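Worksheet for the structure shown next.
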Amino acid sequence: MKSIVDSFLDLVKQRNGNEPEFLQAVEEVAETVIPYIVKHDIYHGKNILLRMVEPERVVTFRVCWVDDTGEIQVNRGYRIQMNSAIGPYKGGLRFHPTVNMSILKFLAFEQVFKNSLTTLPMGGGKGGSDFDPKGKSDNEIMRFCHSFMSELFRHIGPNSDVPAGDIGVGGREIGFLFGMYKKLRNEFTGVLTGKGESWGGSLIRPEATGYGAVYFAEKMLETKNDSFKGKNVVVSGSGNVAQYAAEKVIQLGGKVLTLSDSSGYIYDAEGIDSDKLAFIMQLKNVKRGRISEYLEAYPNAEFVKGKTPWGVKCDIALPCATQNELNENDADTLINNGCICVSEGANMPSTKAAINSFHNAKILFAPGKASNAGGVATSGLEMTQNSLRYKWSREEVDEKLKEIMANIHDSCTEYGKDENGYIDYVKGANIAGFVKVADAMLAQGVV
Ligand code: NDP
Ligand code: 2IT
């Protein structure tokens, strides 16, 4: 068995040797899906996984824009159209200086499995730019977004490819991108999700990824007759996903001890309550400040510079910042400190060795492609509402989101439960996500 996995990975490495994050994502899937393929004749010998690791299309383009000092800036834009077997390409746009082909291909690959798990008809894609939004004025952000869309519009559409937000792309950026798309196409369509409430956006979309990651953790805890009530929770990041994960934890009676950004983390032993979270939302979303400024309002808290929060003793950990932010040592520290549950809000925040530690310790661990799928699922619900030219209430969307997260939990259990009752959510998510896409690819032939 091992040798089939190894020879597959050797081939993928030969073709993508300079793409470490992409290889990391493929390796995790191959190790769980190939043994399943080998046992199931309909998938065996069809090179399905080999077809799935090759993007259907990759677009890269130049993005020129003029900064506030009048200087001309040049960035690189990308859209990876990974797999459209079960629906239009769907996935976010990331604006961050670390964006490159490896990062976007890993994200697009994960997205294919994640979108399949949502039960909604969405293929997988991802895009973005190496543009750094930090410290840019609103006008600079607008000029960049307009320039970016002045090329991307050729490659997307409401029935072909529907982008959304990710790191560095939130409501403000989606607005600027949508404005330029609408102008160039002269049509008002649901080509992007995460839109504003008054122009086609879905209620609960901003909250959905963070809420979903907590709903998923709640489902995992239920398997142990446990809940968030009275639990100490460590959250990383302080962006969209982290903020709403924290909000839901507080609503469910948990105590949020930390939040972070790329400069370090804040630790508030008294707990970050809803008033403190409102301060953080204002600080990050309106003032666009740094998490360390929390101490100006709440001097009893600590700011730990240059560190991630995994050393803080907790019951539950929610990594909600970025890829590979939690390594093997961090995982061991969490386990030794009594952590019982890790639900990933970010994409691939735990390294492979960290995941092995969680599995060996038999604690509850959910990979992002299952636990953070609430964001894209609610994007799918936004697409549905746009097609219907209709709007559901907050309660209706939240109810559907909860139901989708519960379904994903069931799918992971179906394919991931071992003979001793332990649920390997990584294996479960990979196989459940794979089966639906593979069946569609088989039905559509070699295209
Ligand atoms: P935001 O841009 O809103 O926030 C990102 C947060 O992560 C910030 O606090 C940022 O800090 C921190 N961060 C980013 N890069 C690093 C880094 N290299 N080291 C440490 N901290 C870092 O993004 P989101 O909250 O939307 O995204 C967070 C994660 O969730 C990503 O992995 C994304 O792919 C994933 N995700 C997002 C979804 C969505 O709907 N938005 C859906 C599913 C997954 P700083 O400000 O210092 O950069
Ligand atoms: O990683 C993700 O799932 C996202 N950034 C959200 C994608 C989407 O289309 O809503």
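Note that ligands are numbered from 1 as they come in the structure, with each ligand's atoms numbered from 1 the same way. Here the structure is a predicted model, which is why all the values come from computation and not from measurement.
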Query raised in the report: Quick one: which of L107, D132, T209, T98 has a heavy atom closest to atom 43 (C) of ligand 1?
Result: T209
Report summary line: With heavy atoms and a 4.0 Å threshold, my read on which part of K369 contacts ligand 1 is neither
**Report entry** For ligand 2, the portion of L107 having any non-hydrogen atom under 4.0 Å away
**Finding:** neither
Query raised in the report: Is it true that the side chains of N372 and T209 contain a donor and an acceptor less than 3.5 Å apart?
Result: no
Query - Per-atom contacts of ligand 2 with A164, taking only distances under 4.0 Å to non-hydrogen atoms - result: 8 (C), 9 (O), 10 (O)
Report task. Could you tell me whether the side chain of K195 and the main chain of L192 form a donor-acceptor pair under 3.5 Å? Result -> yes
**Report entry** Geometric N/O contact G165 with ligand 2, under 3.5 angstrom
**Finding:** yes
Report task. Return yes or no for this condition: an N or O of N372 is under 3.5 Å from an N or O of ligand 1. Result -> no
Query - Which segment of A164 sits under 4.0 Å of ligand 1 when only heavy atoms are counted - result: neither
Query - Ring geometry between Y294 and Y298 (parallel below 30°, tilted from 30 to 60°, perpendicular above 60°) - result: tilted
Query raised in the report: Side chains of S236 and E325: is there a donor and an acceptor less than 3.5 Å apart?
Result: yes
Report task. Return the orientation label for the Y36 and F434 ring planes: parallel under 30°, perpendicular over 60°, tilted otherwise. Result -> perpendicular
Query raised in the report: Taking atom types as modelled, is there a side-chain donor on T193 or K90 under 3.5 Å from an acceptor on the other?
Result: yes
Query raised in the report: Numbering the atoms of ligand 1 from 1, which are under 4.0 Å from a heavy atom of C320?
Result: 28 (C), 29 (C)
Report summary line: atom 26 (O) of ligand 1: of N240, L259, V169, the nearest heavy atom sits on N240
Report summary line: One finds that the ligand 1 atoms under 4.0 Å from a non-hydrogen atom of H96 are 15 (N)
Report task. Please write down residue, atom name and distance for the protein heavy atom closest to atom 7 (C) of ligand 2. Result -> G92 N, 3.5 Å
Query raised in the report: Can you check whether N337's main-chain N or O pairs, donor with acceptor, with K313's side chain at less than 3.5 Å?
Result: yes
Query raised in the report: More than 12 heavy atoms of other residues, nucleotides or ligands under 6.0 Å from CZ of R76: is that the case?
Result: no
Query - Contact atoms of ligand 1, heavy-atom distance to S260 under 4.0 Å - result: 9 (O)
Query raised in the report: What atoms in ligand 1 come closer than 4.0 Å to a heavy atom of S238?
Result: 9 (O)
Query - Element-labelled atoms of ligand 1 that are located less than 4.0 Å from some non-hydrogen atom of R94 - result: 31 (C), 32 (O), 33 (C), 34 (O)
Query raised in the report: Nearest non-hydrogen atom to atom 28 (C) of ligand 1 belongs to which of A213, A321, G237, G239?
Result: A321
Report task. With heavy atoms only and a cut-off of under 4.0 Å, state how Q323 meets ligand 1: side chain, backbone, both or neither. Result -> neither
Query raised in the report: Where does R205 meet ligand 2, judged by heavy-atom distances below 4.0 Å: at the side chain, the backbone, both, or neither?
Result: side chain
Query raised in the report: At a 4.0 Å threshold, what atoms of ligand 1 neighbour a non-hydrogen atom of G345?
Result: 30 (O), 35 (C), 36 (N), 44 (C)
Report task. For K276 and A297, indicate whether the former's side chain and the latter's backbone hold a donor-acceptor pair under 3.5 Å. Result -> no
Query raised in the report: Can you tell me if S411 and E414 form a side-chain donor-acceptor pair at under 3.5 Å?
Result: no
Query - Proximal ligand 2 atoms for S379, defined as those under 4.0 Å from one of its heavy atoms - result: 8 (C), 9 (O), 10 (O)
Requested in this report: Could you go through the salt bridge (charged side-chain N to carboxylate O under 4.0 Å, His left out) check for E110 and K369 one step at a time?
Outcome: CA-CA 6 Å; E110 292 275 294; K369 64 172 79 88; 3.4 Å; yes
Query raised in the report: Can you check whether K114 has an N/O within less than 3.5 Å of an N/O in ligand 1?
Result: no
Requested in this report: Using a 4.0 Å heavy-atom threshold (strictly under), name the region of E110 that reaches ligand 2: side chain, backbone, both or neither.
Outcome: neither
Report task. Below 4.0 angstrom from a heavy atom of K134, which ligand 1 atoms are there? Numbered from 1 as shown, please. Result -> 45 (P), 46 (O), 47 (O), 48 (O)
Query raised in the report: For ligand 2, which atoms, with element, lie under 4.0 Å from some heavy atom of K114?
Result: 1 (O), 2 (C), 3 (O)
Query raised in the report: Can you tell me if E28 uses its side chain to pair, donor with acceptor, with the backbone of A25 under 3.5 Å?
Result: no
Query - Donor-acceptor side-chain pairing of S371 and E344 below 3.5 angstrom - result: no
Report summary line: Within 4.0 Å of some non-hydrogen atom of G91, the atoms of ligand 2 are 7 (C), 9 (O)
Query raised in the report: Taking distance alone, with no angle check, do N372 and ligand 2 share an N/O pair under 3.5 Å?
Result: no
Requested in this report: Answer yes or no: is there a side-chain heavy-atom contact under 4.5 Å between R290 and K284?
Outcome: yes
Query raised in the report: Of K126, K369, M383, K90, which has the heavy atom at the shortest distance from atom 1 (O) of ligand 2?
Result: K126
Query raised in the report: Any protein heavy atom lying closer than 4.0 Å to atom 10 (C) of ligand 1?
Result: no
